[in-house]
Q: 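The structure is given below, and queries will be raised subsequently.
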Amino acid sequence: MDPATMKVLGIPAYILFWVAAVVCFGIFGRRVIGLVRLLRRARPDYRFDHVPTRIRNVIVHVLGQKRLLEEPLIGLAHLVIFWTFLLYAGAFAWSLARGLLPFLPIPYPDEVTVVRMLMETLGILTLVAITVAAVRRFFFAPPHLQRTGDANLILSLITILMGTLLLGAEIRTAIGGYDSASLTFIDRWLGTNGARLTTSPALGWPLFFAMFWVHQAVVLFFVAYLPYSKHLHLLASPFNVFFSALNPKGDLSSRESSEKTMEGASRWDEFTWKQLLNGMACAECGRCDRACPAVASGSTLSPRMLVHHLKEHVLEAGLGVRTNGASPGTAGRALVGDLISEEELWACTSCHSCMERCPVMNEHFPLILEMRRHLVTQGSVGRSLQEALTSLSRYGNSFGKSDRMRAKWTQGLDFKIKDARKEPVDYLWFVGDYASFDPRVQEITRTTARIFHESGLDFGILYEGERNAGNDVRRIGEEGLFDSLKDKNLQALSKAKFRRMVTTDPHTYNTLKNEYFGNGASGKHKGNHSNGVPEVRHYTEVIAELIQTGQLPLKRRLHYGVTYQDPCYLGRYNDIYDAPRSVIRSLGNRLVEMPRNGSHSFCCGAGGGRIWMEDTPGIQERPAENRIREAAALPGVQALVITCPKDIAMFRDAAKTTGTEAEIEVRDLSELVWQAAQP
């Protein structure tokens, strides 16, 4: 019997099916077309390069759900639901064609044994997965998981779909609706249960038809509802992943004119289409918030809500849709000021944790940066930050010191460091502001210099020719000042003769590697070196090599119990995890990893210009304080090993404020290396 040819109130079912399909797909299409047109009106952004890599990302992160599987139980449940969605989308299209055109000589999907078995198997697994998801959502919800009626409705719809499919299969099997020769073990098990529901074909067929049409009606409702709900991400996220950024994580260079870049964005049509797509792709899972140091510290910033507010703004101002709090008939609330506060934007540390965790590969920080650029152009900058920017503009450093003071730290050495502008060197050491000027770090800088000298490394510095590299200046949104600092540094580098560069500062390392000499490098002269593009290395990489090759002989083993802090701009941004750990172990130390380590390491709170800003009022706990407590709680650990000058400043202050100085010592890796190199 064919469900499409049965009559309902004297009307053939396929006619009603046509009406419902046209209405639901019309509603669906109207919304999708509106969203696509809106994206086309946004700023351009070329994301069609490296197609094979983009396809690979879709396979790994959409089909493979790689980031979701970092949480195995719920990740596996989501994977099952996702693949069931794909199968059922295909099966529904098949059923739709068969139901709308009943004269076609093709069977329904469930009349094909292999397809039916696959649908039934995934249906059972999906009900189990839905149960896991529901238990997690209602009883063991992780922090910042968005629990809305919309999400509950979607879970309910999926449950109804699976239930009607399996009940229909039970009933049809029980009344002999399938060829007995084609029955699988699942069919027989379902049929046994289905026999309890009906005792005759006269009762069974109407029940089966009821299950069939309820199933189709729910699917059609789901189609119409999907682009209006948070589950729009089912449609948008594959495209979001495909068009995700492929340039180095630490490269913020824009393909647009510098003037357009400096203006930033505060309205939907001032963002790029890819940035607007973030809001449509967001699953509101809260993984970004759970990783965010600003959220953990009690700040008002929420990466999840920031993306959500952008989506609200797009719907209100772009489509004229009324959302929560918006007045009908208006252009919507202002994005910066009404929906997102300035305080939220300045709270970000640019640590990349949110982007590292996002399963749909949303790009949160570029959104924040666009709005920060807008604030800078409007002069909406806090007092302490403005003072730092003024010092950087006037002196080339955030400490407000004269150029002649930059190399004063070398006065404590018993040897002279070469001036790379006057004589050729193998390594040009770009020292950085904190390593040069901060009294808490200067002795560590001298220790690093002693290590280089002791190992026979041929190195030099730029002395007063060096300026702040501009990594944090750019991430504040001050593109003009960044360009000025970069130009002055490139001029100084053009006068130096060197083969490679080294720095102790991960922030400096990132911008030299990715924005001076990487994709973001200008066409200007990049230094007087052999191939025009020098290799940029972090000092941990250089020291690891010196130890491995025997150039730096170690005279004793230390036998400390230590843990290690992965700097954001060394680890997450540039994937340098092994070099510092290999050095720690080569010194004879026992390395105990913190629960949050590697790509999941927790930020110290200094990045994104935060080190120059005052604490947010009402903050509960600074990120560095949170982290030092985590390190101090590890059994058998005497020291927290640091490989970033800013981390020294942040964590030594945090140890004082948390009262953990007696429990754990904050030490730079160079201090341990120099100790092991002494008799």
Side-chain angles (χ1 to χ4, degrees), residues 31-32 35 61-62 65-71 73-75 77-79 81-82 85 129-130 132-158 222 225-241 244 268 271 274-292 294-296 299-316 318-319 321 323-326 333 335 339-340 344 348 353-368:
R31 178 66 153 207
V32 170
L35 293 174
H61 295 288
V62 178
Q65 308 269 289
K66 179 181 178 181
R67 292 185 177 180
L68 283 170
L69 289 173
E70 291 177 359
E71 299 178 53
L73 183 59
I74 191 60
H78 195 279
L79 184 67
I81 296 171
F82 170 78
F85 172 81
I130 288 290
V132 170
V135 169
R136 174 179 180 263
R137 175 172 293 274
F138 296 115
F139 300 102
F140 304 101
H144 311 290
L145 175 68
Q146 184 75 347
R147 294 191 290 180
T148 62
D150 180 52
N152 297 337
L153 175 61
I154 295 296
L155 286 177
S156 300
L157 291 175
I158 296 173
F222 189 89
Y225 180 65
L226 184 63
Y228 297 84
S229 74
K230 89 176 192 72
H231 279 71
L232 172 64
H233 77 268
L234 291 171
L235 300 175
S237 58
F239 296 98
N240 201 56
V241 171
S244 60
W268 71 270
F271 292 90
K274 175 59 179 67
Q275 289 167 341
L276 299 187
L277 187 61
N278 288 325
M280 301 175 195
C282 180
E284 301 185 13
C285 62
R287 284 174 173 80
C288 53
D289 280 6
R290 293 196 286 277
C292 178
V295 172
S299 164
T300 56
L301 172 64
S302 160
R304 175 181 61 81
M305 288 305 298
L306 182 137
V307 173
H308 178 72
H309 287 321
L310 176 63
K311 179 181 176 181
E312 284 186 311
H313 173 67
V314 167
L315 294 178
E316 291 176 12
L319 289 184
V321 175
T323 60
N324 293 335
R333 296 163 288 177
L335 179 61
L339 292 170
I340 300 173
E344 292 174 72
C348 177
S353 291
C354 53
M355 294 172 62
E356 190 78 19
R357 298 290 185 86
C358 181
V360 298
M361 301 182 77
N362 270 341
E363 298 166 15
H364 307 75
F365 183 67
L367 293 173
I368 292 173

Q: Is the count of non-hydrogen atoms from other residues, nucleotides or ligands lying under 6.0 Å from F139 atom CZ greater than 12?
A: no
Q: Search all heavy atoms of L277 against all heavy atoms of F239 and return the closest pair with its distance.
A: CD2-C, 4.1 Å
Q: Salt-bridge test for E363 and K274: reply yes if a basic N is under 4.0 Å from a carboxylate O, no otherwise.
A: yes
Q: Report the distance from atom CG of L301 to atom CG of L306, rounding to the nearest 0.5 Å.
A: 6.5 Å
Q: Please give me the minimum heavy-atom distance between V295 and P303, naming the atom from each residue.
A: CG2-CD, 3.8 Å
Q: Between the main-chain N or O of C358 and the side-chain N or O of R67, is there a donor-acceptor pair closer than 3.5 Å?
A: yes
Q: Quickly, which of H308, R304, H233 forms a side chain to side chain donor-acceptor pair (under 3.5 Å) with E284? Name it, please.
A: H308
Q: Walk me through whether N240 and L235 qualify under side chain to side chain contact (heavy atoms under 4.5 Å, CB included).
A: CA-CA 9 Å; N240 201 56; L235 300 175; over 6 Å; no
Q: In chain order, what residues pass the ring pair (Phe, Tyr, Trp, His ring centres under 6.0 Å) check against H309, with sequence neighbours excluded?
A: none
Q: Restricting to ring pair (Phe, Tyr, Trp, His ring centres under 6.0 Å), what partner residues turn up for H78, sequence neighbours left out?
A: none
Q: Judged by atom type as modelled, is there a donor-acceptor pair below 3.5 Å linking the side chain of H313 to the main-chain atoms of R333?
A: yes
Q: Rounded to the nearest 0.5 Å, what's the gap from CG on L315 to CH2 on W268? Could you check?
A: 11.0 Å
Q: Roughly how far apart are H231 NE2 and S237 OG, rounded to 0.5 Å?
A: 10.5 Å
Q: From R136 CZ over to L73 CG, what is the distance, rounded to the nearest 0.5 angstrom?
A: 8.5 Å
Q: Search all heavy atoms of S302 against all heavy atoms of E344 and return the closest pair with its distance.
A: N-OE1, 4.4 Å
Q: Can you confirm whether R137 sits close enough to L155 that some side-chain heavy atom of one is under 4.5 Å from a side-chain heavy atom of the other?
A: yes
Q: Counting only N and O atoms by type, is there a donor-acceptor contact under 3.5 Å from the side chain of N278 to the main-chain atoms of N362?
A: no
Q: Any chance you could lay out the side chain to side chain contact (heavy atoms under 4.5 Å, CB included) test for L276 and L310, step after step, and finish with the verdict?
A: CA-CA 7 Å; L276 299 187; L310 176 63; 4.1 Å; yes
Q: How long is the gap from CD1 on I340 to CG on L367, to the nearest 0.5 Å?
A: 8.0 Å
Q: With side chain to side chain contact (heavy atoms under 4.5 Å, CB included) as the test, would you mind laying out the steps for C288 and H364 before giving the verdict?
A: CA-CA 9 Å; C288 53; H364 307 75; 3.9 Å; yes
Q: Of all heavy-atom pairs between P238 and V62, which one has the smallest distance, and what is that distance?
A: CA-CG2, 3.9 Å
Q: Is the backbone N or O of L68 less than 3.5 Å from a side-chain atom of E71, with the two atoms forming a donor-acceptor pair by type?
A: no
Q: So do the side chains of Y225 and L153 get within less than 4.5 Å of each other, counting heavy atoms only?
A: yes
Q: Do you know which two heavy atoms are closest between I74 and A133, and how far apart they sit?
A: CD1-CA, 3.9 Å
Q: Measure the CG-CZ distance between L319 and R31 for me, rounded to the nearest 0.5 Å.
A: 6.0 Å
Q: Can you give me the closest heavy-atom contact between V241 and M361, atom names plus distance?
A: CG1-SD, 3.7 Å
Q: Main chain of K230, side chain of D150: is a donor-acceptor contact present, judged purely on distance under 3.5 Å?
A: yes
Q: Are any side-chain N or O atoms of R290 and backbone N or O atoms of C285, one a donor and one an acceptor, separated by less than 3.5 Å?
A: yes
Q: Verify side chain to side chain contact (heavy atoms under 4.5 Å, CB included) between I158 and F85, making sure each step is shown before the conclusion.
A: CA-CA 9 Å; I158 296 173; F85 172 81; over 6 Å; no
